[in-house]
A.B. asks: 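Sharing a structure with you now.
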Amino acid sequence: MIYTVTFNPAIDYVVHMSDELKPGMTNRTTKEECYFGGKGINVSTILMNLGIENTALGFVAGFTGDAIEQSVKGKGIIADFIHLKEGISRINVKIKSDEETEVNAQGPAISQEALDELFTKIDRIQNDDTLILAGSIPNTLPSDIYERILSRLESQGKKALVVVDATKDLLKKVLKYHPFLIKPNNHELGEMFDVVLTSDDEIELYAKKLQEMGARNVLISMAGDGSMLITEDGQRFRLGVPKGKVKNSVGAGDSMVAGFIAGYMESGNYETALKMGTASGSATAFSDDLASGEAIRDLYKTL
């Protein structure tokens with residue numbers, strides 16, 4: 001089983017305006033949309049769209065949490081969320097006018113009791129399972145929560161595949177637990193070492209530094225310049241992006257992670273995994289929402 005964890009899921013309320021946003025005045029929209037997610041849920045959605053059963057873990061609260069849970073279940077994903085007793089799950093407002101403005105909510109407080117419940121669920125993970133941790137940690141949780149989870153698995157002798165999609169110190173601190181896959185983008189990779197990366201060879205060099213620190217496979221996304229994979233056995237794979245019109249950047253990185261894992265699960269081959277990851281990330285970028293399985297597989301054929 002594949003498990004994803006979303007600590008702070010949200011409803012994204014997207015409003016479109018024909019005119020520029022005028023602070024301090026009443027503004028009118030031309031269109032509104034609602035999307036249910038969070039990085040882990042995005043990964044779960046793409047996995048499910050590719051036909052791979054998975055379980056979404058995390059915390060939800062209030063009527064917004066109920067809506068998020070129903071949306072997840074409606075996609076065929078196994079929803080195993082912890083229901084918090086107080087607060088509501090986040091509503092993030094995305095205003096799209098001549099410029100894009102975002103107002104992201106904090107989210108509900110997560111008690112130690114709820115956190116212990118999450119640990120109990122994670123204790124059920126077996127050696128042949130996969131755990132995907134994605135995104136930043138809300139300030140209502142301990143800053144070392146990723147480390148606590150991976151330390152717990154290690155102390156139990158669990159050999160599950162672990163994927164971590166995080167940045168900077170949050171990522172660095174979990175490398176000692178030897179995650180199967182990490183996915184910084186090229187700018188994040190440079191920031192981790194206070195350098196600006198300008199070539200493929202430099203990107204490979206610093207990706208290998210992360211491997212020296214414990215990472216097994218390093219997947220580097222580079223937006224319109226494609227992606228690179230440095231594998232645990234020393235191979236370097238480089239792939240460009242398929243042709244298409246970019247409509248949406250939200251969830252593209254999560255889609256890449258999901259596609260990579262789906263491709264690896266289906267083939268056991270790193271190059272195939274990279275192609276499926278690239279196809280998934282690009283298909284979402286070319287879509288209004290997270291990509292369908294059909295759109296992903298059609299793009300995969302072009303790579």
Side-chain angles (χ1 to χ4, degrees), residues 1-7 39-58 77-78 80 118-135 145-167 170-184 207-208 210-221 227-235 237 253-281 296:
M1 176 62 72
I2 299 176
Y3 295 88
T4 66
V5 179
T6 307
F7 292 114
K39 291 181 72 65
I41 291 173
N42 291 344
V43 172
S44 280
T45 299
I46 293 295
L47 286 169
M48 200 66 220
N49 289 353
L50 290 170
I52 297 180
E53 185 180 60
N54 66 91
T55 297
L57 302 174
I77 300 163
I78 300 169
D80 192 12
L118 175 67
F119 286 144
T120 298
K121 292 179 185 295
I122 287 175
D123 286 346
R124 300 172 190 154
I125 291 174
Q126 301 300 313
N127 289 335
D128 56 351
D129 291 332
T130 298
L131 174 65
I132 300 175
L133 302 172
I145 184 64
Y146 278 14
E147 294 169 79
R148 291 192 193 186
I149 289 171
L150 299 190
S151 174
R152 195 177 185 96
L153 290 175
E154 183 177 79
S155 68
Q156 295 169 352
K158 301 285 181 65
K159 303 297 182 183
L161 294 184
V162 174
V163 178
V164 180
D165 183 8
T167 60
L170 181 57
L171 179 57
K172 276 186 176 180
K173 289 177 180 178
V174 301
L175 297 181
K176 59 189 175 185
Y177 298 106
H178 307 291
F180 171 73
L181 180 73
I182 61 174
K183 192 209 71 65
K208 287 183 174 179
L210 294 181
Q211 288 180 318
E212 291 169 5
M213 296 167 69
R216 290 173 58 187
N217 299 288
V218 184
L219 174 60
I220 307 100
S221 57
S227 56
M228 181 187 298
L229 175 67
I230 307 300
T231 69
E232 59 185 328
D233 56 4
Q235 297 182 82
F237 295 105
D254 308 326
S255 299
M256 173 174 269
V257 169
F260 184 96
I261 292 301
Y264 186 78
M265 294 292 180
E266 291 175 357
S267 69
N269 180 276
Y270 286 124
E271 187 172 14
T272 298
L274 178 61
K275 287 182 178 179
M276 187 61 77
T278 299
S280 299
I296 292 170

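No hydrogens, no waters, no symmetry mates; every other heavy atom, side chains included, goes into these values. This structure is a prediction, so every number in the text was calculated from the model and none was measured.
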A.B. asks: State which residues pass salt bridge (charged side-chain N to carboxylate O under 4.0 Å, His left out) with Lys176; sequence neighbours excluded, sorted by chain then number.
C.D. replies: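 Counting only residues at least two positions away or on another chain, Lys176 forms a salt bridge (charged side-chain N to carboxylate O under 4.0 Å, His left out) with Glu147.
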A.B. asks: Which residues pass the ring-ring contact (aromatic ring centres under 6.0 Å, His included) test with Tyr146, sequence neighbours left out?
C.D. replies: Phe7
A.B. asks: Among residues at least two apart in sequence or on other chains, which ones pass side-chain hydrogen bond (donor to acceptor under 3.5 Å, both in side chains) with Arg124?
C.D. replies: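 With sequence neighbours excluded, Arg124 shows a side-chain hydrogen bond (donor to acceptor under 3.5 Å, both in side chains) to no residue whatsoever.
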A.B. asks: Using ring-ring contact (aromatic ring centres under 6.0 Å, His included) as the criterion, list what pairs up with Tyr264, not counting sequence neighbours.
C.D. replies: Phe180, Tyr270
A.B. asks: Partners of Ser221 by side chain to side chain contact (heavy atoms under 4.5 Å, CB included), sequence neighbours excluded?
C.D. replies: Lys183, Asn185, Met256
A.B. asks: Identify, with sequence neighbours excluded, every residue that meets side-chain hydrogen bond (donor to acceptor under 3.5 Å, both in side chains) alongside Asn127.
C.D. replies: none
A.B. asks: Holding to side-chain hydrogen bond (donor to acceptor under 3.5 Å, both in side chains), I want the full list of residues that pass it with Glu271, two or more places apart in sequence or in another chain.
C.D. replies: none
A.B. asks: Test: salt bridge (Lys or Arg N to Asp or Glu O under 4.0 Å). Region: residues 211-220. Which pairs qualify, not counting sequence neighbours?
C.D. replies: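 The answer is Arg216-Glu232.
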A.B. asks: Run the ring-ring contact (aromatic ring centres under 6.0 Å, His included) test against Tyr3 and tell me which residues pass, sequence neighbours left out.
C.D. replies: none
A.B. asks: List in chain and number order the residues that pass salt bridge (charged side-chain N to carboxylate O under 4.0 Å, His left out) with Glu266, two or more places apart in sequence or in another chain; answer none if no residue qualifies.
C.D. replies: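 With neighbours one apart ignored, the set is Arg297.
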A.B. asks: State which residues pass salt bridge (charged side-chain N to carboxylate O under 4.0 Å, His left out) with Lys39; sequence neighbours excluded, sorted by chain then number.
C.D. replies: Asp165, Asp254
A.B. asks: Using the side-chain hydrogen bond (donor to acceptor under 3.5 Å, both in side chains) criterion, which residues pair with Ser255? Sequence neighbours excluded.
C.D. replies: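 Once residues adjacent in sequence are excluded, the partners of Ser255 under the side-chain hydrogen bond (donor to acceptor under 3.5 Å, both in side chains) criterion are Thr284.
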